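Only one structure is covered here, and it is reproduced in the block below.
Any value given below was found using the heavy atoms of this structure, including those in side chains, with hydrogens, waters and symmetry copies removed. Here the structure is a predicted model, which means the values were calculated and not measured.
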Protein chains: 2
Amino acid sequence: MSEKRQKLEAAARKRVQRAGLHGLSFRTLADEIGIKSSSVHYYFPEKSDLARVLIERYHEEFFTALHDIASKRWKLKRKLSAFIAIFEAVEARNELCLCGMLALEAEQLDADNIALLGKFFTETEAWLVSLFKEHKAELKTTIAPSVLAMSLLSGLEGALLVDRTLSSRARVKAQKSWIHSLLA
Amino acid sequence: MSEKRQKLEAAARKRVQRAGLHGLSFRTLADEIGIKSSSVHYYFPEKSDLARVLIERYHEEFFTALHDIASKRWKLKRKLSAFIAIFEAVEARNELCLCGMLALEAEQLDADNIALLGKFFTETEAWLVSLFKEHKAELKTTIAPSVLAMSLLSGLEGALLVDRTLSSRARVKAQKSWIHSLLA
DNA sequence: GTCTATATACAGATAGAC
DNA sequence: GTCTATCTGTATATAGAC
């Protein structure tokens, strides 16, 4: 992948995680990289092409991190902390989850991209479910793993959103202390 | 309040809860009501004025519902179900929480409106905290009421967002079953 | 690959007549 | 209160030269 393309993707992603897809324009994106907007169209013919690439790349990187965590010989508590740390890092950069942001803009996205978002969420939940099942002995709760997985992911996505309006990090922290209270 | 003004607010609110503030234009809003966009400016000089009114009205109605719930002689479980039902109703209309939607668009809002969003979230959490304290005996958990409150609200906001990409209602349901598992 | 130039559409907002 | 008309800005996208 060319250097320009990489710079474009990085700048676009940061902008989307802060201001949403509609908050990203080809003009300002081009300005930031030092080219003209018509040149951005050379790399991404339409805006939906750019959105698709951003989601796919985010998905890739996110699951690379998840696989890293899963491969470690750690206790459940530490693995979950590492998972939550991904969201803490996003929050520390004053950003939102790319897929969470785009989910809110679903009305403006095409069906393909919405499907990619759905895939991101269900696969993340599936990863959590397998984690909970693998470490079943370390969980002291009767809540079903799938409910736990959905609640944790929803909670983190919502926590980023609420915290943002208050310049706080308390809600992501709350998610962490809630989930930790269920561990042996 | 005039009838036109009321119609405008209702239509604007529905549109924002589906497509966000940027997905609402004075032109299409005017078309829907049967007036011209310049007439919309008569009621709401700038778009931020409309946003402010929408947040304030949503806040009002939301807390009217909360006060109704709090005044009932119900068990905690039933009160929490009624609270969650507010979000289920939003989801059933294929909408998002108005404040959750605007939180994602925070970058485009002015400071006053962001403050109103923060107020909505903290007051809702405070309401939940007082509810948990009032019904302390019905709670079988060591999790602090404030953590519980933040987790539940974040969870519901995030659940609406994730469910939307999957045309599902499973995540709001998961929030309900998670919180119910903590009740005596 | 990148540019200039432009087509086209739509946004928020205002002036001034009625 | 509502209109017509318009200003101004910005967006996506494309054509065609270099």
Side-chain angles (χ1 to χ4, degrees), chain A residues 1-55 98 101-102 104-114 116, chain B residues 1-55 98 101-102 104-114 116:
Chain A
M1 189 173 57
S2 77
E3 187 209 344
K4 278 267 165 69
R5 195 183 184 92
Q6 207 159 1
K7 279 187 180 173
L8 279 170
E9 283 186 22
R13 178 171 133 174
K14 170 171 268 184
R15 185 76 190 137
V16 170
Q17 287 191 251
R18 284 177 148 89
L21 191 65
H22 108 271
L24 168 79
S25 84
F26 275 36
R27 271 173 165 68
T28 57
L29 179 59
D31 284 349
E32 195 174 340
I33 306 300
I35 57 176
K36 293 294 171 181
S37 71
S38 52
S39 299
V40 178
H41 283 281
Y42 167 78
Y43 295 99
F44 308 101
E46 300 185 16
K47 204 175 184 181
S48 61
D49 297 314
L50 175 53
R52 180 177 36 76
V53 169
L54 290 180
I55 299 169
L98 182 105
M101 182 63 96
L102 293 179
L104 268 282
E105 297 183 284
E107 186 110 351
Q108 281 87 25
L109 298 180
D110 55 44
D112 286 354
N113 280 330
I114 294 176
L116 286 178
Chain B
M1 188 172 60
S2 76
E3 186 209 345
K4 278 266 165 68
R5 194 182 186 91
Q6 208 160 358
K7 279 188 180 173
L8 278 170
E9 284 186 22
R13 178 171 133 174
K14 171 170 265 184
R15 184 76 190 136
V16 170
Q17 287 190 250
R18 284 177 147 89
L21 191 64
H22 109 272
L24 169 80
S25 84
F26 276 38
R27 273 171 164 70
T28 56
L29 178 59
D31 284 350
E32 195 173 343
I33 307 299
I35 58 177
K36 292 293 170 182
S37 71
S38 53
S39 299
V40 178
H41 282 281
Y42 167 78
Y43 295 97
F44 309 100
E46 300 184 15
K47 204 176 184 182
S48 60
D49 297 313
L50 175 54
R52 180 177 37 74
V53 169
L54 290 180
I55 299 169
L98 182 107
M101 181 64 96
L102 292 179
L104 268 281
E105 297 183 285
E107 186 111 349
Q108 281 89 25
L109 299 179
D110 54 45
D112 286 354
N113 279 330
I114 294 176
L116 286 178

For B/Tyr43 and C/dA13, give me the distance from atom OH to atom C1', rounded to whole Å. 18 Å
Over how many whole Å does the gap from A/Ile35 atom CD1 to C/dT2 atom P extend? 6 Å
Which part of the nucleic acid, if any, lies within contact of A/Ser39, taking any heavy atom under 4.0 Å across all strands shown: a base, the sugar-phosphate backbone alone, or nothing? base
When we call it a touch if two heavy atoms are under 4.0 Å apart, what does A/Leu24 touch: a base, just sugar-phosphate, or nothing? sugar-phosphate
Determine, for B/Phe44 and B/Arg5, whether the Lys NZ or Arg CZ falls below 6.0 Å from the six-membered ring centre while staying within 45 degrees of the axis. yes
Please give, in whole Å, the distance from C/dG1 C1' to A/Leu8 CG? 12 Å
Value rounded to 0.5 Å, distance of CG in B/Leu21 from CG in B/Asn113: 8.5 Å
Report the residue (A/Arg27 or A/Tyr42) whose heavy-atom-nearest nucleotide on DNA chain C is the more 5′ of the two. A/Tyr42
Length of the line joining B/Lys4:NZ and D/dT2:C1', which is rounded to integer Å: 8 Å
Atom-pair distance (CD on A/Gln108; P on C/dA9), nearest Å: 20 Å
Which heavy-atom pair separates B/Glu107 from A/Ala19 by the least distance, and what is that distance? CG-CB, 4.0 Å
note: A/Arg5, atom CZ; C/dT2, atom C1'; distance rounded to Å ~ 15 Å
What class does the angle between the rings of A/His41 and A/Phe26 fall in, given that below 30° is parallel, 30 to 60° is tilted and above 60° is perpendicular? tilted
B/Lys36 near the nucleic acid: base, sugar-phosphate alone, or nothing, with a heavy-atom cut-off under 4.0 Å? base
For B/Ser38 and B/Ser2, find the nucleotide of DNA chain D closest to each by heavy atoms; which residue's nucleotide sits nearer the 5' end? B/Ser2
Please report the distance, rounded to the nearest Å, between NE2 in A/His22 and C1' in C/dG12. 13 Å
Atom-pair distance (CG on B/Asp31; P on C/dA11), nearest Å: 9 Å
